Amino acid sequence: RCGNPSTFSNVHKFTVQDPYVVGSLKQFHADQPWIGVICDMGIEKSENTIASLSKAVQAEVVQAVVHGGDISYADDYNPFTNNAYVWQTYFDSVSQFASYVPYMTCPGNHESQFDFAGYNNWLPMPNASGSSFYHSFDYMGVHFTMFSTEHNFSNGSAQHSWIVTDLRQANGNREKVPWIVVVGHRPLYCSDLVLLKRCTEEAPVFRSYVEAVFNEYKVDVYINGHNHQYERSYPMVNGKATQKDYVNPKAPVYIVDGAAGNTESIDPTFLPEALAPWRAHHSDWLGTSWLRMRAGQQSLQLQLINSETDKVSDEFEIQRTAD
């Protein structure tokens, strides 16, 4: 707890897990914990996600939460004046899970207001990279590379150089930490119909910066938000699926996970399947959801959780057979 002799907060228990996979887990057991992943969550229309995720954290089912940008949506409230109360309201709400387990973030476009002052003040992340906007960490068998799509990551930039170095080192540490997941805010592959330019004009530019690096160092999954919906690809490279399954994938899987809930609502529109043959699954449901994952030595399991029912609405498993 924290405070002063006259006013103290409630007492919370904070739990940290091992960064590595314990033993050689070839099959998942029912009580093996998860890591939750959310993007695009604000103070409105997020109550179901916060309640569902908090329930899972307090039951010790989820042991960490990763947030891929767009946090609180403070800039949607009084954008030219003091809106610090929105950040305060947000953290009062998410304390139901963020006061129990690690809450790791990278910035999105909604944090850029006042030169990212709210983000930097509320969310001081590890800065071994030399920047508060991108960092990495190992947790429960997964190496997370958290980078900022809101800052320069083109070839030759400081952030791009850091991404290359980080992924090279992570790929050389697979024996201890077998999986690499990259989290950013903006999509590299997507099929949103209403916001199609994000997918057809912006995403190819972003891919030109990092897709070759992802492939060289065998990134397993890239997760982003920005689009307020959920979809996942088959393993992808150069705009095409390398296969229609997840066994020994030859390229990364790309997931849009932006349906946690915010004042701007959920977008249920997608290109038809014929125009996105690389897409494995999408959700046209108008409700909110969040993603969870857990790692074994040879498998990475991912599930989409319906925030209203706590039930699994999509799942898949990446499998890597022994060499």
Side-chain angles (χ1 to χ4, degrees), residues 14-17 19 34-43 46 49-50 53-54 56-57 62-76 83-84 86-140 142-151 153 159 162-163 166 180-187 221-228 255-262 264 288-293:
F14 192 86
T15 304
V16 177
Q17 300 296 312
W34 301 78
I35 298 169
V37 185
I38 54 176
C39 302
D40 301 84
M41 193 167 79
I43 63 172
S46 58
T49 298
I50 292 173
L53 190 51
S54 299
V57 165
V62 167
Q63 291 286 356
V65 177
V66 173
H67 193 149
D70 280 8
I71 303 163
S72 89
Y73 283 75
D75 64 338
D76 280 353
N83 52 23
V86 180
W87 284 96
Q88 183 65 61
T89 301
Y90 178 82
F91 279 97
D92 286 345
S93 297
V94 303
S95 65
Q96 299 172 68
F97 63 79
S99 61
Y100 291 86
V101 297
Y103 179 48
M104 308 300 289
T105 66
C106 62
N109 55 293
H110 280 277
E111 285 79 80
S112 64
Q113 187 186 35
F114 306 132
D115 195 25
F116 295 89
Y119 180 84
N120 281 328
N121 287 329
W122 281 98
L123 293 162
M125 291 291 113
N127 63 355
S129 67
S131 170
S132 59
F133 300 118
Y134 45 93
H135 61 98
S136 66
F137 61 97
D138 298 329
Y139 212 68
M140 294 168 59
V142 180
H143 177 83
F144 286 94
T145 300
M146 312 282 291
F147 80 103
S148 173
T149 59
E150 311 314 300
H151 297 82
F153 64 104
Q159 184 172 202
W162 174 82
I163 291 170
D166 182 76
I180 300 176
V181 174
V182 179
V183 180
H185 183 63
R186 297 179 187 252
V221 182
Y222 174 71
I223 301 174
N224 65 270
H226 203 40
N227 299 349
H228 299 167
I255 300 175
V256 177
D257 176 38
N262 58 72
E264 298 175 4
T288 55
S289 59
W290 56 280
L291 191 68
R292 67 184 189 182
M293 69 173 69

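The structure presented is a predicted model; accordingly, all values stated were derived computationally and were not measured.
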Under 3.5 Å: donor-acceptor pair, side chain of N121, backbone of A117: yes
E111/E150 under side chain to side chain contact (heavy atoms under 4.5 Å, CB included): CA gap, chis, key distance, verdict: CA-CA 9 Å; E111 285 79 80; E150 311 314 300; over 6 Å; no
Side-chain heavy atoms of P102 within contact of Y139, under 4.5 Å: yes
Verdict with reasoning, Y90 to S46, per side chain to side chain donor-acceptor pair (under 3.5 Å): CA-CA 10 Å; Y90 178 82; S46 58; over 6 Å; no
Closest approach of N120 to S132 (non-hydrogen atoms, all atoms of both residues): OD1-OG, 2.8 Å
Donor-acceptor under 3.5 Å (Q159 side chain, S148 main chain): yes
Flag, side chain of S129 to backbone of Y134, donor-acceptor distance under 3.5 Å: yes
Heavy-atom side-chain contact between R186 and N224 under 4.5 Å: no
Ring pair (Phe, Tyr, Trp, His ring centres under 6.0 Å) against F153, all qualifying residues, sequence neighbours excluded: F147, F206, Y209
Side chains of M104 and F144 in contact at under 4.5 Å (non-hydrogen atoms): no
Sub-4.5 Å side-chain heavy-atom contact between S136 and H143: yes
T105 side, atom OG1; M146 side, atom CE - distance, nearest 0.5 Å: 6.0 Å
From OG (S72) to CZ (F91), nearest 0.5 Å: 7.5 Å
The single option from D257, N109, T149 passing side chain to side chain donor-acceptor pair (under 3.5 Å) against H226: N109
Under 3.5 Å donor-acceptor, D138 side chain and P19 backbone: no
Heavy-atom closest contact (M140 atom, I35 atom, distance): SD-CG1, 3.9 Å
For the student: nearest non-hydrogen atoms of V62 and V101, plus distance: O-CG1, 3.9 Å
Smallest separation among heavy atoms of P107 and F116, with atom names: CB-CE2, 4.0 Å
Stepwise side chain to side chain contact (heavy atoms under 4.5 Å, CB included) check, V65 with Y100: CA-CA 10 Å; V65 177; Y100 291 86; over 6 Å; no
Which atom of H185 lies closest to which atom of D40, heavy atoms considered: CE1-OD2, 3.4 Å
Aromatic plane relationship, F133 with H151 - under 30° parallel, 30 to 60° tilted, over 60° perpendicular: parallel
Derivation and outcome, side chain to side chain contact (heavy atoms under 4.5 Å, CB included), residues Q113 and N83: CA-CA 10 Å; Q113 187 186 35; N83 52 23; 3.1 Å; yes
Test applied, side-chain contact (heavy atoms from CB on, under 4.5 Å); reference residue, M41; option that passes from I50, L53, T288, I71: I50
Near-ring test Y103/F97, centroid separation under 6.0 angstrom: yes
C39 to A260 - nearest heavy-atom pair and separation: O-CB, 3.3 Å
Minimum side-chain heavy-atom gap H67-V94 below 4.5 Å: no
Parallel, tilted or perpendicular: rings of H110 and Y73 (30°, 60°): tilted
Spatial distance of atom OG1 (T145) from atom CD1 (I180) [nearest 0.5 Å]: 6.5 Å
